[in-house]
Amino acid sequence: GGEPREGGPAATGRGRAAKAAPAGGRRPGGSAERGGEAAAVPPLRLRGVLSQLSLGRRDVSEASGLVNQVVSHLIQAIRGRDGGFGSIGRLGAGSYYERVKISEPNEFDIMLVMPVTRIQLDECDDTGAYYYLTFKRNPKEKYLNRFLDEDGKLSAIKMRTALKKIIKEEVKNIKDVEVTVKRMKAGSPAITLLIKKSSAEISVDIILALEVQQSWPLSTQDGLNIERWLGRKVRRELRNKPIYLVAKQNKKEKVLTGNTWRLSFSHIEKAMMNNHGSIKTCCETDGAKCCRKDCLKLLKYLLEKLKMKHAKELEKFCSYHVKTAFFHSCVIWPNDTDWQYENLEHCFQNFLGYFLRCLQDSQLPHFFIPQYNLLSLDDKASSNFLSRQINYQLNNGFPIFQQEY
DNA sequence: TTTGGCTACTACAG
DNA sequence: CTGTAGTAGCCAAA
């Protein structure tokens, strides 16, 4: 386990120098500090990288305009039809809405939320994340009857298929925007839309989620260990929020019915991300600024870059691994003073160090479901590979941040 | 009851 | 600093 360490490289002034000047062959193979001169350089570098990762205003404006137009249209249409999705609502999720999206606003996650009352969750394996859903009595929501399978289980496949059918028909009716529906990836909870933009494409993941206002299942009991970071009260408040279930197939299902649902904590993740300080005023205009989100963005970027370079070897890794490690790090280093804006380098190194230990131990517990390990031992080779790549980058001043692909 | 519009607020880019 | 997007809470119209 990591101890919070104080201090760090002598804090220099703000990294005002903006655009990352490529670190032209500085201290090859050197360690973090070497003399007073070297200590002054890294802050400028990571701040420079970060400034390149921030989303441009014009891009955001254009992208959000298109996405909102398309999503509003779809929700109207879905509600209007008698397809069983009458009371659907919208919830922005994922990195764009958590304000940690990097590089371009080209990926959006939208949850379409269906309120449901009184549902029974039955674990379908030992992860504690996947469930079969049945109704204790006839659902109050009669229209859900059409999505029950022969065992009386609520069928994720039937619901997702029905929703996709509506969406496929309806995207044709959206004026002035070119939208296509991607072929569904097996087992993925998302229906992916592609919106043609002037230059590039925006992908919008539409995720059907059931919202159930009932206590969280047993597997989450020891998760969300945020007491030392956000406090007991906040934990209790968060656990009073509803649970969400997304239509996600469990590949390890014993009898393949395809009708499994997976817990989703997107709403809680978003709440924590947007209220991430141990002190309430963290990052507010009159409060102290921290570098938590910056560290998260940097590791996301590092993984993205490495995945571009080693697609095959790193296919098992996704940004959720990074996000999960991030939340654990927030618990390990719970104080805002552990993440001072001026100490970005040091904080990022600590964060990376924790992530490396996870890889080495093949141990990254789901933040809300501790028994669910996101780094299976079967993927030990991948973990070792990623661990070596990150170590190399760490020891060489992150050359990959400067490389183009 | 549900909905959508209005307002006030925050985060963030520039 | 200003301007924009997202969000929550409130209220009135459908």
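In what follows, chains carry the letters A, B, and so on, assigned in the order in which the sequence lines appear, proteins first and then strands, with residues in each chain numbered from 1.
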Report task. May I have all residue pairs that pass ring pair (Phe, Tyr, Trp, His ring centres under 6.0 Å) and include part of residues 284-309 of chain A, sequence neighbours excluded? Result -> Tyr301(A)-Phe401(A)
Query - Ring centre gap for Phe367(A) and Tyr372(A) strictly below 6.0 Å - result: no
Query raised in the report: Can Arg47(A) be said to sit on top of Tyr341(A)'s aromatic six-ring, NZ or CZ under 6.0 Å from centre and within 45° of the ring axis?
Result: yes
**Report entry** Strand contacts (DNA chain B) in residues 234-244 of chain A, 4.0 angstrom heavy-atom criterion
**Finding:** none
Report summary line: The complete set of ring pair (Phe, Tyr, Trp, His ring centres under 6.0 Å) pairs with one or both residues in residues 159-185 of chain A, sequence neighbours excluded, reads none
Report task. Grab the OH-C1' distance between Tyr341(A) and dC12(B) for me, whole Å please. Result -> 12 Å
Report summary line: Protein heavy-atom contacts under 4.0 Å, written 5' to 3' over nucleotides 5-14 of chain C as B (base), S (sugar-phosphate only) or - (none), form the string SSS-------
Report task. Please determine if a side-chain N or O atom of Gln76(A) lies less than 4.0 Å away from the OP1 or OP2 oxygen of dG4(B). Result -> yes
Query raised in the report: With sugar-phosphate meaning primed atoms plus P, OP1 and OP2, does Glu98(A) contact a base, only sugar-phosphate, or nothing at under 4.0 Å between heavy atoms?
Result: nothing
Query - Arg79(A) or Cys283(A), whichever maps to the more 5' nucleotide of DNA chain B - result: Arg79(A)
Query raised in the report: Between dC9(B) atom P and Asn275(A) atom CG, what is the distance in whole Å?
Result: 17 Å
Report summary line: Leu53(A) CG to dG14(B) C1', in whole Å, measures 17 Å
Requested in this report: For Glu178(A), check side chain to side chain contact (heavy atoms under 4.5 Å, CB included) against everything at least two apart and list the hits.
Outcome: Lys196(A)
**Report entry** Contact nearer the 5' end of DNA chain B, comparing Lys293(A) with Ser87(A)
**Finding:** Ser87(A)
Exercise answer: donor-acceptor pairs, residues 56-64 of chain A side-chain atoms, under 3.5 Å, sequence neighbours excluded:
| from | atom 1 | to | atom 2 | distance (Å) |
| --- | --- | --- | --- | --- |
| Glu62(A) | OE2 | Ser198(A) | OG | 3.1 |
| Ser64(A) | OG | Val60(A) | O | 2.9 |
| Ser64(A) | OG | Ser61(A) | O | 3.4 |

Query raised in the report: Within the structure, does a side-chain N or O atom of Lys289(A) lie under 4.0 Å from either OP1 or OP2 of dA11(B)?
Result: no
Report summary line: Between CZ of Arg58(A) and P of dG14(B) the distance, given in whole Å, is 11 Å
Report task. Would you mind listing every ring pair (Phe, Tyr, Trp, His ring centres under 6.0 Å) that reaches into residues 189-218 of chain A, with sequence neighbours excluded? Result -> Trp216(A)-Phe265(A)
Requested in this report: Please list, chain by chain and in numerical order, all residues satisfying side-chain hydrogen bond (donor to acceptor under 3.5 Å, both in side chains) with Thr127(A), sequence neighbours excluded.
Outcome: Asp125(A)
Report task. Any ring pair (Phe, Tyr, Trp, His ring centres under 6.0 Å) involving residues 271-290 of chain A? Give me the pairs, sequence neighbours left out, ordered by first then second residue. Result -> none
